[in-house]
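Keep in mind it's a predicted model, so treat the numbers as computed, not measured.
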Amino acid sequence: MNTADRLDLLSRYTEEVVTEDELEALLDGEPTAYIGYAPTGEMHIGHFTTIRKLADFQQAGVDVTVLIADLHAHLDSEKSPWDLLDARSEYYEASIRAMLDSAGGDPNSVDFVRGREFQLDEEYTLEMYRMAAETTLSRTQRAASEVVRQSDSPALGGLIYPLMQSLDVKALDADIAYGGIDQRGIYMLGREVLPDHGGDSPVCLFAPLLSGLSGGKMSASEAGSKINLTDDPGQVEEKIDGAYCPQGEVEDNGVLEYVRFLVYPILEQRGEDFVVERPEEYGGTLTFESYDDLEAAYVEGDLHPQDLKNAAAGYIDEAIAPIRERLTDRPDLLVEAYPESYE
RNA sequence: CCGCCCUUAGCUCAGACUGGUAGAGCAGUCGACUGUAGAUCGACUUGCCCCCCGUUCAAAUCGGGGAGGGCGGACCA
């Protein structure tokens, strides 16, 4: 694969690349990338879109490390209780492996790392204290504001959070940091301070944050606004059917976004088209080779929201089915990670 | 270490002074209208009122103790 193709593969479906030139320069060597997930709430389809992209990294010949940021999960407002960090980390890793597999990637060539495996090393810790001394409160707050839960009485942990995340880049020896666009503030801090702490500024790739099914950005606390990995076909259909989906509008349209960022990449990899089976009375079956064609038809009113939903639900269910199976094969994972919800 | 304030529905809070076992907004659920959803209209659900003890016929409400959280002070010879 030539550099132009690799560049295209790496930057597709991203919200922003910081910076394109730096990314291109990296491709002269053998760059490595990492993405971190704090094992907090149950994984859902929103995570799937970023994990799906890891397959692109692999295809472009970039080694991928997935950080299961266990300490971060507690540092951010104790989103995960201290005692459940191990169980949730295990559940996250198993889910991520299953998702990557389902998305056409190779989970076995991903390096999975837990935060506490290296975040307690002396060198890391010393560097963190030094960074704490040299970074102002307001700078740190600004960096974390989109990621860490905001409160009138913020805990110190939420400020340590972005400092550690910056150091993770260096500790994991990653050239590329990948994450949602909400992570931008933290990585911009990292790019700024890392050179003063023995590291290099990472090239950053940011994924768009997808809309929730009820409109507005996806919220982890709104059960109905997202599809869980363990939802059965009936639940997937029900949630998609109830989704906010204004006719002819692309903005804030969660269904369209899932088709674009999750379904299409998988279909492209398999060389298949998106097929909408539509009753004859409304015009019969439609086939879309590319997302752009589909979106154009939708905007023109040639594709009705109900027909889009029916087709999307089928494809989304197909994507999560293998994950659902793997998780139901290991019921202990969920029971131990979320004892309040299961058992 | 000391002082003051807070804790009520999933969320934000009212109700406490003047005891009679709870309310609003938002969220949610269900209908109507649309070939989806939303919007709109109509209906509806939800509570160890932080815990314990006491006073009382009766405690979210009064008294005592405790827990959790917040703010401030003291120390700066």
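Atom P of nucleotide A39(B) and atom CD of Gln247(A) are separated by 17 Å, given to the nearest angstrom. At whole-Å resolution of the value, CD1 in Ile240(A) and C1' in G35(B) are 18 Å apart. One can place CG of Asn253(A) at 13 Å from P of G38(B), the figure rounded to the nearest angstrom. If you take CG of Leu213(A) and P of A37(B), they are 14 Å apart, rounded to a whole angstrom. The distance from atom CD of Glu249(A) to atom P of U36(B) is 15 Å, rounded to the nearest whole Å. For the pair Tyr244(A) OH and U34(B) C1', the interatomic distance rounds to 15 Å; values are reported in whole Å.
Counted by atom type alone, Gln235(A) and Asn228(A) present zero donor-acceptor pairs between their side chains at under 3.5 Å.
At a non-hydrogen distance threshold of 4.0 Å, Tyr282(A) from residues 276-294 of chain A come into contact with RNA chain B.
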Check against ring pair (Phe, Tyr, Trp, His ring centres under 6.0 Å), Tyr338(A) and Tyr91(A)
CA-CA 10 Å; Tyr338(A) 304 96; Tyr91(A) 155 75; 5.5 Å; yes
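The distance between the ring centers of Tyr258(A) and Phe48(A) does not fall below 6.0 angstrom. Aromatic pair Tyr124(A)/Phe118(A): ring centres closer than 6.0 Å.
Across all strands shown, Asn310(A) has no heavy atoms under 4.0 Å from either base or sugar-phosphate atoms.
Residues Asp317(A) and Arg324(A) are paired through a salt bridge, judged by an N-O separation under 4.0 Å between the basic side chain and the carboxylate.
Under the 4.5 Å side-chain contact rule for hydrophobic residues, Leu334(A) and Leu84(A) do not share a cluster.
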